[in-house]
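One structure is given below, encoded as structure tokens.
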Amino acid sequence: MRGFAIICLTLATLLAPAARAQPATQSTPPPTPTQAYKPLEGDYIAHDFHFKSGETLPELRLHYRTLGTPRRDANGRVTNAVLILHGTGGWGGNFLVPQFAGVLYGPGQLLDITRYYIILPDNIGHGKSSKPSDGMHAHFPQYEYDDMVAAQHELVEKGLNVNHLRLIIGTSMGCMHSWIWGETYPDFMDALMPLACLPVQIAGRNRLWRKMLMSGIRQDPDWQNGDYTTEPRAGLEIAADMLLIAGSAPLPMQLSLPTRDAADRWLQDVMRRETDTLDANDLLYAVNSSRNYDPSVDLGKITVPVMFVNSADDFINPPDLGIAEREIQKVKNGKFVLIPASEQTHGHGTHTWAALWQQYLKELLDELQQAPAAVK
């Protein structure tokens with residue numbers, strides 16, 4: 001289920017300066033993974049996986065992509081692994097698009113794959129990992145963020161034999177996962193870079209749009225309590241509407257869609273394409289997995305450097321709330337950066353445009369270089 005990721009990439013393409021140079025009536029397809037980086041792909045099977053709900057799966061499939069080669073010190077500890085975590089509805093392949101990979105992975109770039117070992121998992125319920133649409137539908141275990149992070153940890157440690165991470169970068173849902181990593185496995189990584197989230201319970205407007213999305217699916221008569229044979233079209237259209245608004249940015253959208261007709265044509269084209277890619281159960285599960293998220297109480301357990309970055313035009317995490325500035329004070333070695341809204345930012349999707357925040361990644365990596373982590 002890649003619908004939300006495709007919507008965000010579609011929006012990002014619309015909001016890019018290059019897109020604005022084209023007639024606003026044209027629809028530009030979302031970026032696809034660049035051919036410059038061909039990852040090693042595989043599946044790890046977690047046997048008898050236990051979920052916090054009390055449910056179990058005899059086999060949980062976790063798909064992954066890797067770039068580069070792990071390096072170990074004299075004690076056998078991996079020193080160069082970077083785990084990059086995708087957002088709701090995404091997949092590891094999101095980080096192979098040019099605006100991310102082309103800025104970070106090349107020779108001499110910050111995450112040069114001749115120096116770093118990049119790990120790109122598909123989370124539970126996403127991509128090629130185990131998910132409701134594989135066959136269990138609404139009988140799939142009711143996973144939540146803690147389950148997803150536990151599965152990521154097992155994949156990294158047991159599936160890839162990586163016993164330490166140099167860095168975790170998380171975007172959107174992955175941003176929220178990075179906070180859980182820092183609290184649950186505080187000695188497993190050297191640094192965290194959460195992008196586009198807040199380290200508090202999902203409430204207020206953020207909860208409302210998620211609840212409206214889920215209710216739109218559940219109240220569609222064709223949903224059949226998740227045992228549908230054809231996708232509940234009305235529910236998916238409501239869901240796609242909410243995802244599109246959540247990922248939007250007003251300034252560049254106004255410039256790219258300057259007339260009523262241009263906006264209407266673009267919306268019709270995007271909605272047709274996106275509803276064809278969504279699965280109702282997969283999306284419902286993915287959005288609902290945030291229900292128990294709340295790292296705010298234990299932020300003090302995070303001891304590694306944290307570079308926390310949001311963008312000012314993010315509908316999902318609006319800066320008006322002042323939450324990021326307040327919560328980062330609980331982190332022993334944390335810094336928060338708010339990227340100002342501009343024609344170059346992309347709303348919530350700014351997290352995938354590495355050129356807009358790579359200077360802060362460099363600052364974090366320089367800090368690690370100056371004071372390499374001791375063996376723990």
Side-chain angles (χ1 to χ4, degrees), residues 1-10 12-13 16 18 28-46 61-72 78-87 89-131 134 148 151-152 154-162 164-174 177 193 195 273 277 346 349 351-358 361-362 365:
M1 186 271 295
R2 303 200 297 261
F4 186 27
I6 293 173
I7 286 174
C8 288
L9 287 172
T10 302
T13 302
T28 306
T32 55
T34 176
Q35 296 302 308
Y37 300 99
K38 296 182 180 179
L40 174 67
E41 295 197 44
D43 292 305
Y44 169 71
I45 304 299
R61 182 181 67 258
L62 299 168
H63 190 77
Y64 62 87
R65 298 161 185 80
T66 62
L67 295 162
T69 304
R71 296 179 182 175
R72 300 178 186 273
V78 174
T79 60
N80 68 333
V82 178
L83 178 66
I84 307 181
L85 302 172
H86 65 74
W91 56 312
N94 292 152
F95 304 114
L96 298 174
V97 293
Q99 64 265 33
F100 195 94
V103 175
L104 297 179
Y105 300 159
Q109 294 179 335
L110 292 175
L111 298 180
D112 183 338
I113 60 173
T114 66
R115 299 175 53 228
Y116 287 98
Y117 180 54
I118 309 296
I119 304 170
L120 309 173
D122 290 352
N123 282 301
I124 298 173
H126 294 71
K128 296 180 182 179
S129 292
S130 294
K131 54 187 179 296
D134 290 340
M148 301 170 93
Q152 294 160 12
E154 182 168 339
L155 165 65
V156 168
E157 190 172 50
K158 296 181 180 179
L160 298 175
N161 196 28
V162 170
H164 192 77
L165 295 167
R166 186 62 166 165
L167 172 67
I168 296 176
I169 299 176
T171 67
S172 191
M173 177 181 71
H177 288 175
M193 190 165 187
L195 300 167
R273 184 165 65 240
T277 68
H346 308 275
H351 57 63
T352 309
W353 290 77
L356 295 170
W357 45 260
Q358 63 175 330
L361 173 59
K362 183 179 186 303
L365 293 174

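Values below: every heavy atom of this structure, side chains too, minus hydrogens, waters and symmetry copies.
Here the closest non-hydrogen pair linking Asp112 and Pro107 is OD2-CA, 3.3 Å. When all heavy atoms of Thr171 and His351 are compared, the closest pair comes out as CB-ND1, 3.5 Å. Ala81 approaches Val78 most closely through the heavy-atom pair CB-CG1, 3.8 Å.
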How far apart are the C-alpha atoms of Asp122 and Arg65, what are their side-chain angles, what is the distance that settles it, and do they pass the side chain to side chain contact (heavy atoms under 4.5 Å, CB included) test?
CA-CA 8 Å; Asp122 290 352; Arg65 298 161 185 80; 2.8 Å; yes
Derivation of the side chain to side chain contact (heavy atoms under 4.5 Å, CB included) call for Tyr116 and Leu365
CA-CA 12 Å; Tyr116 287 98; Leu365 293 174; 3.9 Å; yes
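Although no hydrogens or angles enter the test, the distance criterion places no donor-acceptor pair under 3.5 Å between the side chain of Gln152 and the main chain of Asn123. Not a single donor-acceptor pair under 3.5 Å links the side chain of His63 to the backbone N or O of Pro121. Checked by atom type and distance alone, the side chain of Tyr37 pairs as donor or acceptor with a backbone atom of Gly106 at under 3.5 Å. Of the possible donor and acceptor atoms, one in the side chain of Asn80 sits under 3.5 Å from a partner among the backbone N and O of Thr69.
The line from CD1 of Ile84 to CG of Leu67 is 8.5 Å long, rounded to the nearest 0.5 Å. One finds the CG atom of Leu83 at 11.0 Å from the NE2 atom of His177 (value rounded to the nearest 0.5 Å). Atoms CG and OG, on Leu85 and Ser172 in that order, are 11.5 Å from each other to the nearest 0.5 Å. To the nearest 0.5 Å, atoms CG (Leu167) and CD1 (Ile119) are separated by 11.0 Å. One finds the CD1 atom of Ile124 at 6.0 Å from the CG atom of Leu62 (value rounded to the nearest 0.5 Å). Note that CD1 of Ile168 is 13.0 Å distant from CZ of Arg166, once rounded to the nearest 0.5 Å.
Every residue two or more places apart in sequence or in another chain that forms a side chain to side chain contact (heavy atoms under 4.5 Å, CB included) with Ser130 is listed here: Leu60, Arg61, Asp134, Phe140. Glu154 pairs by the salt bridge (Lys or Arg N to Asp or Glu O under 4.0 Å) definition with nothing, not counting sequence neighbours.
Between Phe100 and Tyr105, the angle of the ring planes goes over 60°, which puts this pair in the perpendicular group of the 30/60° scheme. Ring pair His346/Trp353 is parallel by interplanar angle, where below 30° counts as parallel and above 60° as perpendicular.
Put simply, the side chain of His86 reaches to within 4.5 Å of the side chain of Phe95, judged on heavy atoms. Looking only at side-chain heavy atoms (C-beta outward), Asn94 and Thr352 stay at 4.5 Å or farther from each other. Using a 4.5 Å heavy-atom threshold, the side chains of Leu120 and Leu96 count as touching.
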